[in-house]
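Encoded as structure tokens, the structure appears first; notes follow it.
Order of appearance sets the numbers: ligands from 1, and atoms from 1 within every ligand. Sequence positions, counted from 1, serve as the residue numbers for this chain.
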Amino acid sequence: MIDLKSKKPIIISGPCSAETLEQTLATAKALADSGRVDVFRAGIWKPRTKPGMFEGNGEQALPWLVEVKRTTGLAVATEVANAKHVEAALKYGVDLLWIGARTTSNPFSVQEVAEAIGGADVTVLVKNPMNADVELWNGAVERLAKCGVKKLGLIHRGFSGYGSSNYRNTPMWHMPLEIMKRLPELPIFCDPSHICGNRTGLQEVSQQAADLNFNGLMLESHIAPDTAWSDAKQQVTPQRLIELLDSVVWRAEGSDSVAYQTSLDELRGVIDRLDNEILKLLSKRMEAAENIGRIKRENNVMILQQNRWNQIVERTLARADELGLSPQFLKIILEAIHIESIDRQRL
Ligand code: PEP
Ligand code: MN
């Protein structure tokens, strides 16, 4: 099995599900021939949202992965969700196991999987849980490490949300950034396929991952995506996958160029000075909020004045264009200020 930190980017690709021996081998061959893929993925046990959907071929498809390995030389990966899956996958020499988002959400399942893997020589990647809970994600990694799993890594596949969005699962990039900070030694992959749920967003999300120092990508690819038995909308042909990979730029982590270092230091100086001013202004703003809180209290007036706040938000958002700031960003900033302001008025 390839060391996941030995080069960058590492590409894990293959169909959402291993549907038939032919589909599995044809997809694997096209991906291997491209020379761009390091690990072949295919789901054997599929966690589906509703019953009656294709739930994977189960153990009978494991020999297909063995055949992929024999004919292409690619390392092979599949998802495991319980001890039986682990035993079967290990029996067939699967190189890399991943724990799916639904499983990571359940500590009982993670514990069962961790105990079944134990000290086996296999790489295990942990997808983030469905819900945006970094502790749960971190906890799953800890359970595996405690049971003796040595080669560990992470997969960011986005978080489920409510309502319509361009994403199937919202990326919430601050979540992978937080887990990178906590577990800096673990390789982390981005799974744009499950974040997007469609083909159009894959390039942008892949580029974002490259820019945020991910170690590589897990992307679903299928020899005939439109006919796929699961996740048809988000899968791409091996050829399209290569075009997609060609379009993603993986930049260096730093540069020795003196000119670059000088300009960078200068610009960082500007940022540090501006941050300092912003913080001083915020401090003054909160002092003003405390004074308002005091006179409201003296006059027996309630803290929340919804109309006044609506006016501030409206006035500020109307200036978004002129300020060159996105309304979404301004909203987040204003909300944070408002929450703190209300808190300070209670003093
Ligand atoms: C998958 O990789 O096909 C899969 C089911 O992933 P997730 O657990 O991220 O939904
Ligand atoms: Mn899938």
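- In terms of distance to the Mn ion (ligand 2), the nearest N, O or S atom of D231 is named OD2.
- Nearest protein heavy-atom neighbour of atom 6 (O) of ligand 1: K127 NZ, 2.8 Å.
- Take the N/O/S atoms of E220: the one nearest the Mn ion (ligand 2) is OE2.
- Ion pairing between E290 and R344 holds under the 4.0 Å rule for side-chain N and carboxylate O.
- Using a cutoff of 4.0 Å between basic side-chain nitrogens and carboxylate oxygens, E322 and R319 are scored as salt-bridged.
- Residue, atom and distance of the protein heavy atom nearest to atom 2 (O) of ligand 1 are R41 NH1, 2.7 Å.
- Less than 4.0 angstrom separates some heavy atom of C16 from each of these atoms of ligand 1: 3 (O).
- Ring geometry for W309 against H338 counts as parallel: the plane angle stays under 30°, on a 0 to 90° scale with 60° as the upper cut.
- Although no hydrogens or angles enter the test, the distance criterion places a donor-acceptor pair under 3.5 Å between the side chain of Q305 and the main chain of M302.
- If you number the atoms of ligand 1 from 1 as listed, the ones under 4.0 Å from a heavy atom of G100 come out as 8 (O).
- A salt bridge between R70 and E67 is present, with a side-chain N of the basic residue lying under 4.0 Å from a carboxylate O of the acidic one.
- Looking at ligand 1, you'll find an N or O of A101 within less than 3.5 Å of one of its N or O atoms.
- For atom 10 (O) of ligand 1, the closest heavy atom belonging to the protein is R157 NH2, 2.7 Å.
- Ligand 1 lies nowhere less than 4.0 angstrom from a heavy atom belonging to G43.
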Problem set entry | E59 and H85: CA distance, side-chain angles, deciding distance, side chain to side chain donor-acceptor pair (under 3.5 Å) verdict | CA-CA 8 Å; E59 200 165 333; H85 298 165; over 6 Å; no
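- Ligand 1 has a nitrogen or oxygen under 3.5 angstrom from a nitrogen or oxygen of E220.
- Ion pair K7/D38 flagged as a salt bridge, since at least one NZ, NE, NH1 or NH2 atom sits closer than 4.0 Å to an Asp/Glu carboxylate oxygen.
- The protein heavy-atom contact nearest to atom 4 (C) of ligand 1 is H194 NE2, 3.5 Å.
- By the 3.5 Å distance cut-off applied to N or O atoms, D231 is not counted among the residues near ligand 1.
- For K46, every heavy-atom contact with ligand 1 shorter than 4.0 Å involves the side chain, none the backbone.
- Contact annotation: the side chain of D211 approaches that of R251 to within less than 4.5 Å [non-hydrogen atoms, C-beta and beyond].
- With R143 as the partner, the side-chain hydrogen bond (donor to acceptor under 3.5 Å, both in side chains) test is satisfied by one option alone out of E115, E112, Q111: Q111.
- Between R168 and D231 there is a salt bridge, since a side-chain N of the basic residue sits under 4.0 Å from a carboxylate O of the acidic one.
- Close contacts of ligand 1 with W98, meaning ligand atoms under 4.0 Å from a residue heavy atom, involve 2 (O).
- Nearest to atom 5 (C) of ligand 1 among the protein's heavy atoms is E79 OE1, 3.5 Å.
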